[in-house]
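Following: one structure in structure tokens, then a few remarks.
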Amino acid sequence: YVYLNLVRDNSTSVDYDTYYTDYYLNTDFEGPGAWFVTPFEDVAVDTDGDWYYNFVNVTLYIECSETGLYDLVVEVEDPWGYDFLTVRETVSLTAGLTVSYTFQLEGDDIRENGLSGDYYIEAYLYSNATGLEQDYEYYYTDYYYYSDFDPVGLYFDYCDDFGRDLDSDGYYDELVV
């Protein structure tokens, strides 16, 4: 039903009514111009053969019934539910075609984050012309151990220190690490 309320400029109510619409199915209406096709997929990739992953490719599929520009927004949360990555992209879609869109979760970021688990992905698709949401989907990646990704940067394997007395007065002049 629809609640109708007629008000003046000064917010004084003039009249009200309740109107009951006919019965409609959602399939009676035109669908969105583009929508996600599930399932999505994710694959960890080792590019240098060292048995550690370098990144995770996440692939989304989008089908289109109206050619045009669409805004894709993908939000990724780490295994503890914190923001991990946001992807914003304008994509050109052609009616009748299903396209794949792949983005990467960088292995350095996963390793540095230090959290093992699955990553939660929310994908939104908007019409670029109107800004109206066309579709929404969510997806959980496979479970990934952070230690399966390339170590970030350089690490110290061993560290030592000693004091150095340059003038032989019995007191250190330098600390050598």
*Ring-ring centroid check Phe29 Tyr24, cutoff 6.0 Å*: yes
_Nearest 0.5 angstrom please: Glu137 CD to Ile62 CD1, how far?_
11.5 Å
Return a table of donor-acceptor pairs under 3.5 angstrom between the side chains of residues 31-55 and protein atoms on other chains or two or more places apart.
from: Glu41; atom 1: OE2; to: Tyr61; atom 2: OH; distance (Å): 3.0
from: Asp42; atom 1: OD1; to: Tyr139; atom 2: OH; distance (Å): 2.3
from: Asp42; atom 1: OD1; to: Asp142; atom 2: N; distance (Å): 3.4
from: Asp42; atom 1: OD2; to: Asp142; atom 2: N; distance (Å): 3.1
from: Asp42; atom 1: OD2; to: Tyr144; atom 2: OH; distance (Å): 2.5
from: Asp46; atom 1: OD1; to: Asp48; atom 2: N; distance (Å): 3.3
from: Asp46; atom 1: OD1; to: Gly49; atom 2: N; distance (Å): 3.2
from: Asp46; atom 1: OD2; to: Asp50; atom 2: N; distance (Å): 3.4
from: Asp46; atom 1: OD2; to: Trp51; atom 2: N; distance (Å): 3.1
from: Thr47; atom 1: OG1; to: Asn54; atom 2: OD1; distance (Å): 3.0
from: Asp50; atom 1: OD1; to: Tyr52; atom 2: N; distance (Å): 3.0
from: Asn54; atom 1: OD1; to: Thr47; atom 2: N; distance (Å): 2.7
from: Asn54; atom 1: ND2; to: Asp150; atom 2: OD2; distance (Å): 2.6

*Starting at CG of Asp17, measure out to CG of Leu6 and round the result to the nearest 0.5 Å.*
11.0 Å
*asked:* For Glu77 and Tyr119, which I'm curious about, is there any donor-acceptor pair between the side chains at under 3.5 Å?
replied: no
_Aromatic plane relationship, Tyr140 with Tyr138 - under 30° parallel, 30 to 60° tilted, over 60° perpendicular_ = perpendicular
*Is a side-chain donor or acceptor of Glu122 paired with a backbone partner of Tyr120 at a separation under 3.5 angstrom?*
no
*asked:* Tell me whether Val74 shares a hydrophobic cluster with Val91, the cluster being built from Ile, Leu, Val, Met, Phe, Trp, Tyr side chains joined at under 4.5 Å.
replied: yes
*Calculate, to the nearest 0.5 Å, the distance between atoms CG and OG belonging to Asp135 and Ser127 respectively.*
13.0 Å
*Heavy atoms only: give me the nearest Ser13-Asn5 pair and the separation to one decimal.*
OG-OD1, 3.3 Å
*Asp28 side, atom CG; Asp22 side, atom CG - distance, nearest 0.5 Å*: 10.5 Å
*Once you round to the nearest 0.5 Å, how far does CD of Glu112 lie from CD of Glu106?*
12.0 Å
*For the pair Leu175 and Val177, evaluate side-chain contact (heavy atoms from CB on, under 4.5 Å) and give the outcome as yes or no after the intermediate values.*
CA-CA 7 Å; Leu175 175 62; Val177 179; 4.3 Å; yes
*So, Thr59 and Thr102: side-chain donor and acceptor under 3.5 Å apart, yes or no?*
yes
